[in-house]
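Here the structure comes first, spelled out in structure tokens, and everything after it is commentary.
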Amino acid sequence: MRSLRTGSSLAALVTGAALLFTAPAAHAADSPLRDLAAARGKVIGTAVTGAKLTGTYGDIAGSQFSSLTPGNAMKWGTVEPTQGSFNWTEADQIVAFAQAHNQQVRGHTLVWHNQNPSWLTNGSWTPTQLSGLLQNHISTEVGRYKGKIAAWDVVNEPFNEDGTYRSTLWYDNLGADYIANALTWAHAADPGAKLYINDYNVEGVGAKSTALYNLVKDLKSRGVPIDGVGLQAHLVLGQVPATLQQNIQRFADLGVDVAITELDVRMALPADSAKLAQQAADFKSVVAACAAVTRCAGVTVWGFTDSDSWVPSTFPGYGAATPYDENYAPKPAYFGIAQALGGTTTTPPPPTGACSATYSVTSQWNTGFTGQVTIACSGASLSSWKANWTFGAGQKITQSWNATCAQSGTAVSCANAPYNGSVPDGSSVSFGFNGSWSGSNPVPTVTLG
Ligand code: 9MR
């Protein structure tokens, strides 16, 4: 039996009982998404979890995206768990990672009804005290990152579905002007940051987005510093609103920027090829709508991998909502994004089962580095393996563990150790090596054979 899939560098050769795969490493398109986006004057971002920014997750976050949004690290409950005692560890880490990778940071979020510290929500405050706490919070956090944040989601999710104000700690005690005040305080703390109001179910024209439109119009007429609106875009498969581009355009015409801030497209599990193709079309149409409007600054996905998504725990039975699968292989949705940004890579047939190898540099010093290759199988398995790659900049392997590696010129071939040849469906094995480098140390594409 022989099956060969081409067009994506993903080819599966099945011979008798043995499975031989060549599979893409993490970086799959001809140009990274961030380069495609930059060529169109757009930003492409992802929400991230600070602790995961190493290995393959870090490689993809750093190479494919031009903006990072801390998924949780900058929320009030995270940064001030006890009143007056701050924890900036994860937020600082994400900002440092972004700076090291020449990325923007989208600050998220300053005023919300969720993920507030319990000392705040359980306290009993007069409106004056509450207003003072909010001002202090905004001044402290925005001030800490002054000059390092491209845009802040200052106010998050202020509206109900019918366009009335959501009843929250803020609205109930301070009235609607908590929004104008929050923007004014944020502007005072960092006049260079773009200030946004961010909400969900405001992607198409409707009661909720019209309430947001009217609010922005009112704020602008009053001279309140408002630079943009964030359309979160937590979408359901096949349900991109038909009026998305029209809605983006009407905000642009009002004189504010627009950003798609939290894009994901969830589907009923299990995923199949038809759903993944629909998802690719959905991601493509959202990114294309942004690309078509000059004042749409860009698109951020809410997690780039299905292994780092809020969807499965919030919507049981739903998932697969992001552009990369749980093993960091790009899904058709990835190519949908790339195409909307002018990329030429065609959508690959969705893999029905594959083993793939991902290469990462886990540490690096002036002349040497430590690398790791992880071989992961999903819907397939291996009983033995060889991982092959070509070094592009004269790197040399000096030592390896959990595999036997041989290098001839630039070609490296690493075979499994006696104890780790078996990679059952749904599992992975890793091996490591030390090498030398000089000049540059680019990540090669690993093929399995
Ligand atoms: O992705 C975030 C998840 O890890 C948190 O548990 C959740 C708590 O509400 O918040 C998620 O992010 C939300 C974002 O901050 C605002 N818009 C909706 C997002 C998904 O819930």
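First listed ligand is number 1; within each ligand, the first listed atom is number 1. We use all heavy atoms of the structure for the numbers below, so side chains are in, but hydrogens, waters and symmetry mates are not.
Looking at atom 2 (C) of ligand 1, its nearest protein heavy atom turns out to be N72 OD1, 3.6 Å. Protein heavy atom at the shortest distance from atom 8 (C) of ligand 1 is Q115 OE1, 3.1 Å. When only non-hydrogen protein atoms are considered, atom 14 (C) of ligand 1 lies nearest to H108 NE2, 3.4 Å. The protein atom (non-hydrogen) at minimum distance from atom 18 (C) of ligand 1 is E262 OE1, 3.2 Å. Regarding atom 1 (O) of ligand 1, its nearest protein heavy-atom neighbour is W302 NE1, 2.8 Å.
Between the side chain of N160 and the backbone N or O of D162 there is no donor-acceptor pair closer than 3.5 Å. In this structure a side-chain-to-backbone donor-acceptor pair under 3.5 Å is present from S221 to D218. Remark: the backbone N or O of Y328 is not paired with any side-chain donor or acceptor of T305 at under 3.5 angstrom.
Below 4.0 Å from some heavy atom of W310 lie the following atoms of ligand 1, by number and element: 1 (O), 20 (C), 21 (O). Of all the atoms in ligand 1, the ones that sit under 4.0 Å from a non-hydrogen atom of N156 are 16 (C).
In summary, of the residues considered (N198, N114, T109), a side chain to side chain donor-acceptor pair (under 3.5 Å) with N156 occurs for N198 alone.
The two residues D308 and A47 have their closest heavy-atom pair at OD2-O, 4.5 Å.
Salt bridge R144/D92: present, at least one basic N to carboxylate O contact under 4.0 Å.
Two rings, from W185 and Y178, have their centers 6.0 Å or more apart.
Ligand 1 does not have Y200 within reach: every non-hydrogen atom of the residue lies 4.0 Å or more from it.
Taking only non-hydrogen atoms, the option from Q232, K75, E157 nearest to atom 13 (C) of ligand 1 is K75.
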